[in-house]
Amino acid sequence: TMPSNVISSTNIDNNILEIEFKNIRNNNALSLLMLDDLLKILSQKNLNKKYQVIVFKGYRNSPFSAGADLNDIKMLKKINNIEIYHKKLNAVLNKLKKLKIIKVSVINDFCIGAGFIFAMYTDICIVNDNCLFSIPASKLNIKLPKSQLDFMFNKFPKNKLLKEVILTGRKFTASEALNFNLINVVYQNKNFKKKYLEFLSNFMKNNNKITDHYFKKLYY
C-alpha cells in the first residue's frame, strides 16, 4: 500500500508553511500516521516566528480530506478502541487552536468528517465551488467528542446549518456553507488555484499589521 503522509513545504518568500494531506488512495483521509505527522509539524518551536501563515490543503490540489481513514477506524473498532483516533485528532486540534499564527484551509472536492472539523479549527477557509461537505458521524454511528462539538458551536453560535448537518449527516455544498458563514470565500473551479494564490499574496501584503492586532484580540 502507498504510505499516507503529510508533506510540508514553504511558499511566498518562505513566509507561508504549506501542509499537504497525502493519502491518494483514500482521498486524503486522515490516517493515524498522518495525525502523528501533523502533531510533529505543529509542535515545532517558534512556528509563529518563522511563518506568518500556515496553509492546509490536499496534495497537489487533490481533495482536501475525506475524513478519518476508514481502514484505521475499522481496525480500531475491531479492537474496540475508537478512542485512540479521537485522542490523536484532539491532540492535533488542540495544537492547532493554540498556535498563534493564521491558519488557512484551501479546500477542493470533498471536506468530510474529521477533515471538515479540522478545517473549522482554521481561521480562513477558501473553497472550490465544486466542493461537497458532510459530517457523517451520525450515519456511521460515531459519537463526536464533546470538545469538538463545543468548539464548533462556540465558533458559530446558533448556526442552523451546522446543527442540522451534524444531526442528519447529509452532504451540503460550498454555497450553502458560504451562506451560513461556515467558510469565507468560494472561487470557481476553473481558476481556483490562481484565485487562492492571489488571495494569499494579497493577504500577505497586508498581513503584518493585521496579525499582531488580530492575535491580541483573539488570545489576550
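Note that the structure is predicted; figures quoted are calculated from it, not measured. Numbers here are sequence positions counted from 1.
Here the side chain of Lys49 pairs no donor or acceptor atom with the backbone of Lys45 at under 3.5 angstrom.
Across all their heavy atoms, Ile24 and Tyr59 have their closest contact at CD1-CD2, 3.5 Å. Asn184 approaches Ile124 most closely through the heavy-atom pair OD1-CA, 3.3 Å. The two residues Ala68 and Ala114 make their nearest non-hydrogen contact at N-CB, 3.7 Å. The two residues Gln52 and Ile101 come nearest to each other via the heavy atoms O-CG1, 3.6 Å. Nearest heavy-atom pair, Asn154 versus Pro157, reported as atom, atom and distance to 0.1 Å: O-CD, 3.5 Å. Taking every heavy atom of both residues into account, Asn181 and Phe156 meet most closely at O-CE2, 3.3 Å.
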Working for side-chain contact (heavy atoms from CB on, under 4.5 Å), residues Val127 and Leu178: CA-CA 9 Å; Val127 179; Leu178 186 68; over 6 Å; no
Cys111 and Ser65: CA distance, side-chain angles, deciding distance, side-chain contact (heavy atoms from CB on, under 4.5 Å) verdict: CA-CA 5 Å; Cys111 182; Ser65 174; over 6 Å; no
Steps toward side-chain contact (heavy atoms from CB on, under 4.5 Å) verdict (Leu17, Lys50): CA-CA 9 Å; Leu17 175 63; Lys50 287 187 200 150; over 6 Å; no
Stepwise side-chain contact (heavy atoms from CB on, under 4.5 Å) test for Tyr51 and Asn15: CA-CA 5 Å; Tyr51 308 106; Asn15 286 322; over 6 Å; no
Contacts under 3.5 angstrom, residues 72-84 side chains, donor-acceptor by atom type, not counting sequence neighbours:
{"unit_1": "Asp72", "atom_1": "OD2", "unit_2": "Leu32", "atom_2": "N", "d": "2.6"}

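Note on Phe110: it does not cluster hydrophobically with Tyr187, by side-chain heavy-atom contacts below 4.5 Å among ILVMFWY residues. There is no path of hydrophobic side-chain contacts, each under 4.5 Å, that joins Ile112 to Leu140. At a threshold of 4.5 Å between side-chain heavy atoms, the hydrophobic network of Ile, Leu, Val, Met, Phe, Trp and Tyr places Leu132 and Val165 in two separate groups. Tyr85 and Leu39 fall within a single hydrophobic cluster, where Ile, Leu, Val, Met, Phe, Trp and Tyr side chains are chained together by heavy-atom contacts under 4.5 Å.
Salt bridge present: Glu176 and Arg170 bring a charged side-chain N and a carboxylate O closer than 4.0 Å. Under 4.0 Å is where a charged nitrogen must lie from a carboxylate oxygen, and between Lys194 and Glu198 at least one such pair does.
Here CG of Asp109 is found 7.5 Å from CG of Asn189. Values are rounded to the nearest 0.5 Å. Summarising the geometry, atom CG belonging to Leu144 is positioned 8.5 Å from atom OG belonging to Ser138; distances are rounded to the nearest 0.5 Å. Once rounded to the nearest 0.5 Å, the distance linking CD1 of Ile126 with CG of Asn108 reads 11.5 Å. Atom-to-atom distance recorded for Ile135:CD1 and Met152:CE is 5.0 Å, nearest 0.5 angstrom. To the nearest 0.5 Å, atom CZ of residue Phe180 and atom CG of residue Leu161 are 5.5 Å apart. Separation of atoms CE (Met34) and CD1 (Ile41) is listed at 10.0 Å; rounding is to 0.5 Å.
For residues 131-154, every residue pair satisfying the salt bridge (charged side-chain N to carboxylate O under 4.0 Å, His left out) rule, not counting sequence neighbours, is listed here: Lys146-Asp150.
With Phe56 as the partner, the side chain to side chain contact (heavy atoms under 4.5 Å, CB included) test is satisfied by one option alone out of Leu96, Val104, Ile107, Val106: Leu96.
When side chains are defined from C-beta on, Val53 counts as touching Met204, because their heavy atoms get closer than 4.5 Å. A heavy-atom distance below 4.5 Å is found between the side chains of Gln148 and Leu89. Side-chain contact check for Lys158 versus Phe153: every heavy-atom pair is 4.5 Å or farther apart. The shortest side-chain heavy-atom distance between Ile183 and Phe133 falls under the 4.5 Å cut-off. At least one side-chain heavy atom of Leu149 sits under 4.5 Å from a side-chain heavy atom of Ile166. Two residues are said to be in side-chain contact when any heavy atoms from C-beta on lie closer than 4.5 Å; Asn71 and Asn26 meet this criterion. Between Phe116 and Ser134, every side-chain heavy-atom pair lies at or beyond the 4.5 Å cut-off. Looking at Leu30 and Val92, their side chains never come closer than 4.5 Å, going by heavy atoms from C-beta outward.
Ring planes of Phe21 and Phe64: perpendicular class, angle over 60° (limits at 30 and 60°).
Tyr196 and Asn61 share a donor-acceptor pair across their side chains, judged by distance under 3.5 Å alone. Side-chain contact check for Asn28 and Ser62: at least one donor-acceptor pair (N or O, by modelled atom type) lies under 3.5 Å.
Taking the six-membered ring for Trp and the full ring otherwise, Phe151 and Tyr121 have centroids separated by under 6.0 Å.
Within 6.0 Å of NZ on Lys155 lie more than 12 heavy atoms contributed by other residues, nucleotides or ligands.
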